[in-house]
Amino acid sequence: MKKIILAILLALPLTMAAQDNSWERIEQEPTTKENRDAKYLVPNAVPEVDGIVCWETTIQAPGKTASQIYDILLAQMEKMTTEPNQIANSNVAIQNADKHEIGAVYHEWLVFKSAALSLDRTQMNFQLIVTCSDGQATVKMKHVTYDYDLERKPQHYKAEEWITDKYCVNKKHTKLLPISGKFRRKTIDRKDFIFNKFQTLLNN
């Protein structure tokens, strides 16, 4: 009898643990991890038009005339030439108030990493072309190039040969390549910032 009671007592904790072990559950790793580069891997993330990398967007500006839109975006594009990230020679080269067209060239720093003893950055050069009409503006960002490692071993890259899928994405199209990938991320982020800024200004 004692042996039977002892066996029951020994088995009891195990039975209880088997019935309720919620307190010791461990969070499991998700079966599919979120790809942090998903934004930069979507189809047409780096579009090409006639062999040239060119991002284009049309921004709606309800109630505004072509002249009003022209004045707003011209002021912003001129302001951009004097921002802290700009390098010499950034300028608004085309100002056609009659046709409501603006063209600017920018030379600016894109910073990949900044630490006390390390600064990794590139000079990015690009054009912004704006065409205004009543109620909207078409904005293009193109002719993107990079001048990298200027302080040590200068290297010049064209966007068409550096950040496009052919040169920047692995064969499975699941991730960006280590070096060119950082250029692609920062360029797309910069493009998004500019386009979003224009949209905010035109919708105020």
Side-chain angles (χ1 to χ4, degrees), residues 27-59 76-77 79-91 103-130 138-201:
E27 291 295 327
Q28 300 297 315
E29 287 286 333
T31 54
T32 57
K33 294 183 179 180
E34 181 181 354
N35 188 341
R36 290 179 295 179
D37 281 335
K39 167 185 174 181
Y40 312 102
L41 291 167
V42 297
N44 221 32
V46 180
E48 292 184 77
V49 179
D50 297 328
I52 300 296
V53 169
C54 177
W55 288 276
E56 179 176 345
T57 187
T58 297
I59 303 171
Q76 175 60 23
M77 292 169 72
K79 179 182 177 182
M80 287 172 58
T81 65
T82 61
E83 291 176 344
N85 65 327
Q86 296 299 307
I87 305 169
N89 300 323
S90 292
N91 70 95
V105 178
Y106 295 95
H107 307 277
E108 61 185 43
W109 291 117
L110 285 185
V111 179
F112 304 124
K113 182 179 180 182
S114 179
L117 300 177
S118 175
L119 177 61
D120 185 17
R121 65 181 182 178
T122 187
Q123 176 180 319
M124 181 172 77
N125 318 290
F126 63 95
Q127 294 179 4
L128 276 184
I129 308 297
V130 174
T138 298
V139 184
K140 295 181 181 180
M141 178 176 172
K142 59 182 182 177
H143 295 299
V144 180
T145 62
Y146 310 93
D147 292 294
Y148 184 55
D149 208 8
L150 294 174
E151 293 80 9
R152 294 178 297 177
K153 188 179 179 181
Q155 301 171 64
H156 182 76
Y157 303 111
K158 293 182 179 179
E160 294 77 21
E161 301 170 354
W162 192 235
I163 66 168
T164 54
D165 289 359
K166 180 180 178 180
Y167 297 95
C168 191
V169 182
N170 69 339
K171 291 183 179 180
K172 294 183 178 179
H173 208 89
T174 55
K175 63 181 180 179
L176 303 180
L177 300 184
I179 304 300
S180 57
K182 64 184 181 181
F183 286 77
R184 178 159 164 151
R185 292 185 196 97
K186 284 291 185 178
T187 303
I188 291 175
D189 287 347
R190 180 58 172 156
K191 178 266 301 182
D192 287 346
F193 179 87
I194 293 171
F195 285 8
N196 290 337
K197 180 65 175 180
F198 284 10
Q199 182 169 356
T200 299
L201 290 170

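All values derive from a computational prediction rather than experimental measurement. The figures here come from the full heavy-atom set of this structure, side chains too, leaving out hydrogens, waters and symmetry mates.
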Residues Lys142, Glu56: salt bridge by 4.0 Å N-O rule
no
Are Lys140 and Leu128 side-chain neighbours, meaning at least one heavy-atom pair lies under 4.5 Å?
no
Side chains of Asn89 and His107: any donor to acceptor distance under 3.5 Å?
no
Distance-only polar pair, side chains of Thr122 and Tyr157, donor-acceptor under 3.5 Å:
no
I'd like to know if the side chain of Thr200 pairs up with that of Asn196 as donor and acceptor (distance under 3.5 Å, no hydrogens or angles considered).
no
Sidechain N-carboxylate O distance under 4.0 Å for Lys186, Asp189
no
Any donor and acceptor pair, going by atom type alone, linking the side chain of Asp147 with main-chain N or O of His156 inside 3.5 Å?
no
Going through the checks in order, is the side chain to side chain contact (heavy atoms under 4.5 Å, CB included) test met by Leu176 and Arg185?
CA-CA 9 Å; Leu176 303 180; Arg185 292 185 196 97; 3.8 Å; yes
Ignoring hydrogens and angles, tell me if any N or O in the side chain of Asn170 forms a donor-acceptor pair with the backbone of Thr174 under 3.5 Å.
yes
Would you please test Thr57 and Thr138 for side chain to side chain contact (heavy atoms under 4.5 Å, CB included) and show each step?
CA-CA 6 Å; Thr57 187; Thr138 298; over 6 Å; no
Determine the minimum heavy-atom distance between Gly103 and Ile129, stating which atoms define it.
CA-CD1, 4.0 Å
Heavy-atom check, side chain of Val46 versus side chain of Trp55, under 4.5 Å:
yes
With a 4.5 Å limit on heavy-atom distance, are the side chains of Gln123 and Leu110 in contact?
no
State whether the number of non-hydrogen atoms from other residues, nucleotides or ligands found under 6.0 Å of Lys197 atom NZ is greater than 12.
no
May I ask you to check whether over 12 heavy atoms, not counting those of Asn44, lie within 6.0 Å of atom CG?
yes
Is Phe126 close to His143 at the side-chain level, that is, under 4.5 Å between some pair of heavy atoms?
no
Atom CZ of Phe195 and atom OG1 of Thr58: how far apart are they, to the nearest 0.5 Å?
9.5 Å
State, with a plain yes or no, whether a side-chain heavy atom of Leu177 is found less than 4.5 Å away from one of Phe183.
no
For Lys158, does the NZ atom sit with more than 12 other heavy atoms under 6.0 Å from it, leaving out its own atoms?
no
Test side-chain hydrogen bond (donor to acceptor under 3.5 Å, both in side chains) on Tyr148 and Asp120; report intermediate values, then the result.
CA-CA 9 Å; Tyr148 184 55; Asp120 185 17; 2.7 Å; yes
Is there a donor-acceptor contact under 3.5 Å linking the side chains of Asn125 and Thr145?
yes
Is it true that Lys166 and Glu48 make a salt bridge, defined as a side-chain N closer than 4.0 Å to a carboxylate O?
no
Please say whether more than 12 non-hydrogen atoms of neighbouring residues, nucleotides or ligands are located less than 6.0 Å from NZ in Lys182.
yes
Considering all heavy atoms of both residues, which atom of Arg152 and which atom of Pro154 are nearest to each other, and what is their separation?
O-CD, 3.6 Å
May I ask you to decide if Gln86's main-chain N or O and Ser90's side chain share a donor-acceptor pair within less than 3.5 Å?
no
By ring-ring contact (aromatic ring centres under 6.0 Å, His included), Tyr167 pairs with (sequence neighbours left out) none
State, to 0.1 Å, how close Leu41 and Arg184 come at their nearest heavy-atom pair, and which atoms those are.
CA-NH2, 4.2 Å
Side chains of Ile163 and Thr187 in contact at under 4.5 Å (non-hydrogen atoms)
yes
If you define the side chain from C-beta out and look only at heavy atoms, does anything of Arg190 sit under 4.5 Å from Asn85?
yes
Check: Asn91/Tyr106 side-chain N/O donor and acceptor closer than 3.5 Å:
no
Answer yes or no: is there a side-chain heavy-atom contact under 4.5 Å between Val111 and Leu119?
yes
